[in-house]
Amino acid sequence: MSVCAVKAITVTSMCGIIGYVGPRVAHAVVVEGLRRMEYRGYDSAGAAVITPDGISVRKKAGKIGNLDALLASDPLPETGIGIGHTRWATHGGPTDTNAHPHVSADGRIALIHNGIIENFATLRAELRAKGVEFSSETDTEVAAQLLGDVVAGGADLADAMRAVCLRLEGAFTLVAMDATDPGRLVAARRNSPLVVGVGEGETFVASDVAAFIEFTRHAIELGQDQVVDVTATSITVTDFFGNPAESHPFEVTWDLSAAEKAGFDWFMRKEIFEQPRAVADTLLGRFTPEGALTLDELRIPEAELRSVDKIIIVACGTAYYAGMVAKYAIEHWTRIACEVEIASEFRYRDPIISGSTLVVTISQSGETADTLMAIRHAREQKAKVIAICNTNGATIPRESDAVIYTHAGPEIGVASTKGFLTQVAACYLLGLYLAQVRGTMYGDEIAAVMSELASTPDKIQQVLESLDQITDLAARFIDTKSVLFLGRHVGYPVALEGALKLKELAYLHAEGFPAGELKHGPIALVEEGTPIFVVVPPQGRDQLHDKVVSNIQEVRARGALTIVLAEEGDDEVTPYADILFRLPKVSTLLQPLVATVPLQMFACDLATLKGFDVDQPRNLAKSVTVE
Ligand code: F6R
C-alpha cells in the first residue's frame with residue numbers, strides 16, 4: 001500500500017509535497033521546502049531533478065537529516081526543475097524503496113503522491129501484463145508507471161495526467177515531471193491541498209505555502225479535481241477533462257519569520273510565546289460598533305441561526321478539548337443545548353441531526369479526515385456547518401457553510417498550542433454572536449465579555465513571564481512515570497489538554513479527570529508522591545472553587561504531590577499546594593486561556609529535558625488525514 005495510503009473517501013495530506021521550476025538550484029529549494037513541511041510527516045524524504053541525462057533521485061527513510069546526509073555524500077546535479085516529498089506512513093514500512101519520488105520503468109517520469117490509489121492492484125496487474133516491472137510495493141508507483149505508459153504512447157504530460165486521474169480511484173494529489181520536457185511540472189489535486197506559488201520567473205507547487213514563503217507570497221489554491229500545468233512563467237488550470245477551470249488566487253498574510261524558529265529551540269516553544277498575539281489577532285476587528293460579529297465566509301442567514309435548536313461541536317484531539325471548553329460558554333450564553341463529540345465517533349453512531357442542528361467543527365489544519373467526514377455526514381442530514389479553522393482555503397472550511405478563521409499564523413510544532421487558545425477564542429466569538437442574534441444576552445453583557453476577552457492577550461503575556469517556575473518544575477519530574485491532571489467545569493478540558501500534551505511530547509502516562517470524579521475510581525491510582533496538577537477555578541463562582549479545594553485535600557491525604565494552578569490572591573489553596581503556580585485573575589469562562597499555558601510549557605520542558613524531539617514527536621503528524 002502507499003506510504004500515504006488512506007481509505008477512498010478520506011482526504012490525504014499527511015505527506016508534504018513540493019515541486020519547483022525556475023532559475024534557482026531546484027534541489028536546494030525542494031529540500032528547504034520539505035524542511036518547512038516536515039511537520040506533515042517524517043518517515044522518509046526524497047527529491048528528484050531532471051538532468052540532461054534523465055531523472056536523478058535521492059531518497060532516504062527517516063527524517064530529512066538522513067536525506068541531507070545522503071545529498072552531502074552523493075549530491076543531486078544543479079538543475080532548474082525538481083520535486084520532493086516527505087512522508088507519514090500509514091501502510092507499509094518506511095523504507096528507502098517505498099520513499100517518493102517514484103520513477104516509471106523507462107526512467108522518463110518522476111512522480112510524488114499523497115493519498116491512496118484504491119484500484120492500484122487492478123492497475124498494477126494490467127501494467128505487469130504489459131511487461132512493466134515494479135520496484136516498490138507502493139500504490140504510488142502504479143501512478144508513476146501508468147503515467148509513464150500513457151506518455152510513452154505519445155501523450156503530452158498534462159493530457160496524460162488527466163487520463164491517469166480519470167483511471168484512478170481513491171484520493172490523491174500528484175506532481176510529476178517528464179525527463180524529455182525539463183521546463184514543466186504537472187500536478188493534480190483531489191481532496192488534499194495543493195497550492196501554486198507564483199514567483200517572478202519561477203513557479204512552485206506544494207502542499208503548504210510554508211514550502212515557498214521565502215520566495216513568494218502570491219499563491220493560487222487549486223480546487224477539487226483540477227490539474228495544473230506549470231512552467232517558470234505560465235500556469236494553466238483545467239479540470240480532469242481538460243476544460244479550463246477556476247482557481248483561487250490569494251496573498252499569504254504571514255512571512256518567512258512565521259515559519260522559522262526565530263532563535264527558539266523548538267517551534268512549539270515559539271508558538272507558546274506567540275499566543276498573546278495569536279489570540280489578539282483572532283479577536284481583532286470581529287465586532288462592528290453595532291456589535292455584529294464578522295464571520296469570514298458566512299452563508300447562514302441570521303433567521304436560520306435563530307431557528308437552531310441544537311449545537312453539536314465536532315473535532316479531534318486538542319481541538320475537541322477546545323470544543324469542550326466552548327460548550328460551557330455557548331450553553332450559558334445562548335441557552336441552546338450543545339453537545340461536543342469526537343469526530344471519529346460522531347460519524348459512525350447515527351447522530352440525531354436535523355435542518356435545525358448547527359454543527360460547529362474545529363480544526364487547526366482544516367484537513368483532519370475524521371472531522372471532514374463528520375461535516376459531510378452532517379450536511380447530508382441538512383445541518384448547517386460552521387468551521388473554526390486556522391488554514392485559509394483548507395478542505396474543511398471549503399466544505400462548510402461558514403467559517404471563522406483563527407488567525408494564529410502557521411502552527412508548525414506537531415503539538416497544538418496557539419491553535420487551542422485561538423480555537424477557544426473563536427468559539428467564544430461564535431457563542432456571543434449567537435447570543436446576540438437570538439437575544440439571549442443584552443448588548444452590554446456581550447460588550448463586557450468582549451472587553452474581558454480583549455484583555456486576555458495581556459494576561460497570557462503575564463503567564464509567559466512567569467514560566468521559569470515551570471521549567472524548574474520539569475527538571476524535578478524527569479524520572480516521573482505518571483502524572484494526573486484535575487479540573488472542574490472549564491478546568492476539566494484544560495486538565496485533559498495538559499495530560500494530552502504530556503503524553504504526546506514526553507511519552508508519559510498522563511490522565512486528566514474531572515476533579516469530582518476521582519473518588520469514583522481513579523483515586524486508586526494515587527500513591528505517595530504521585531504528581532497531580534490541579535486547575536483551581538477563580539474564587540467566588542458558586543461552590544466550584546471550594547469543591548476543588550476539597551478535592552486537592554483528598555488527593556493530598558493519599559500522598560499526592562499537588563501542583564496547584566490558582567489565581568492571584570487565592571490564599572485558601574495555599575496550605576494544600578506543594579507547588580503553587582499563580583494565574584492572573586480572569587473570570588471562570590476565560591480561565592482556560594491562561595491556565596493551559598503553563599501546562600503546555602511543562603510538557604515542552606519535560607520532553608526537552610528527556611532529549612525528545614518536541615516538534616516531531618514519535619508516531620505523530622500534524623495533519624491527520626486518515627480516518
Ligand atoms: C495535539 C494535537 C492533535 C490535534 C488533532 C486535530 O497536540 O495537535 O490532537 O489537535 O489532531 O487536528 P486539527 O485541529 O488540525 O483538526
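Atoms considered below: every heavy atom in the structure, side chains included; atoms not considered: hydrogens, waters and symmetry mates. Counting starts at 1 for both ligands and their atoms, following the listed order.
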[X]/[Y] ion pair, N-O < 4.0 Å:
X	Y	answer
E32	R35	yes
K418	E274	yes
E260	K270	no

Taking 4.0 angstrom as the limit and counting only heavy atoms of [X], give me the atoms of ligand 1 inside it, by number and element.
X	result
Q364	13 (P), 14 (O), 15 (O), 16 (O)
A319	10 (O), 14 (O)
G317	9 (O)
E504	1 (C), 7 (O)
S363	13 (P), 14 (O), 15 (O), 16 (O)
A415	7 (O)
K501	1 (C), 7 (O)

Looking at ligand 1, does [X] have a heavy atom less than 4.0 Å from it?
X	answer
E367	no
N390	no
C316	yes

Tell me whether the rings of F477 and F602 are parallel (<30°), tilted (30 to 60°) or perpendicular (>60°).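 Ring orientation of F477 relative to F602: perpendicular.
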What pairs with Y428 under ring pair (Phe, Tyr, Trp, His ring centres under 6.0 Å), at least two apart in sequence or on another chain? W333
Quick check: do R217 and D255 have side-chain heavy atoms less than 4.5 Å from each other? yes
How does V414 reach ligand 1, if at all, at less than 4.0 Å between non-hydrogen atoms: by side chain, backbone, both, or neither?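 Backbone only.
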Determine whether the side chain, the backbone, both or neither of T318 has a heavy atom under 4.0 Å from any heavy atom of ligand 1.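 Both parts.
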Flag this pair as yes if the NZ/CZ of R618 is under 6.0 angstrom from the six-membered ring centre of Y507 and inside a 45 degree cone about the axis; otherwise no.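 Pair R618/Y507 counts as cation-pi.
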How would you list all residue pairs meeting salt bridge (Lys or Arg N to Asp or Glu O under 4.0 Å) that involve residues 481-502, not counting sequence neighbours?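 Residue pairs with at least one partner in residues 481-502: E497-K501, K501-E504.
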Compute the shortest N/O to N/O distance between T371 and ligand 1 and return yes if it is under 3.5 Å, no if not. no
Side-chain donor-acceptor contact under 3.5 Å, Q461 with E465: yes
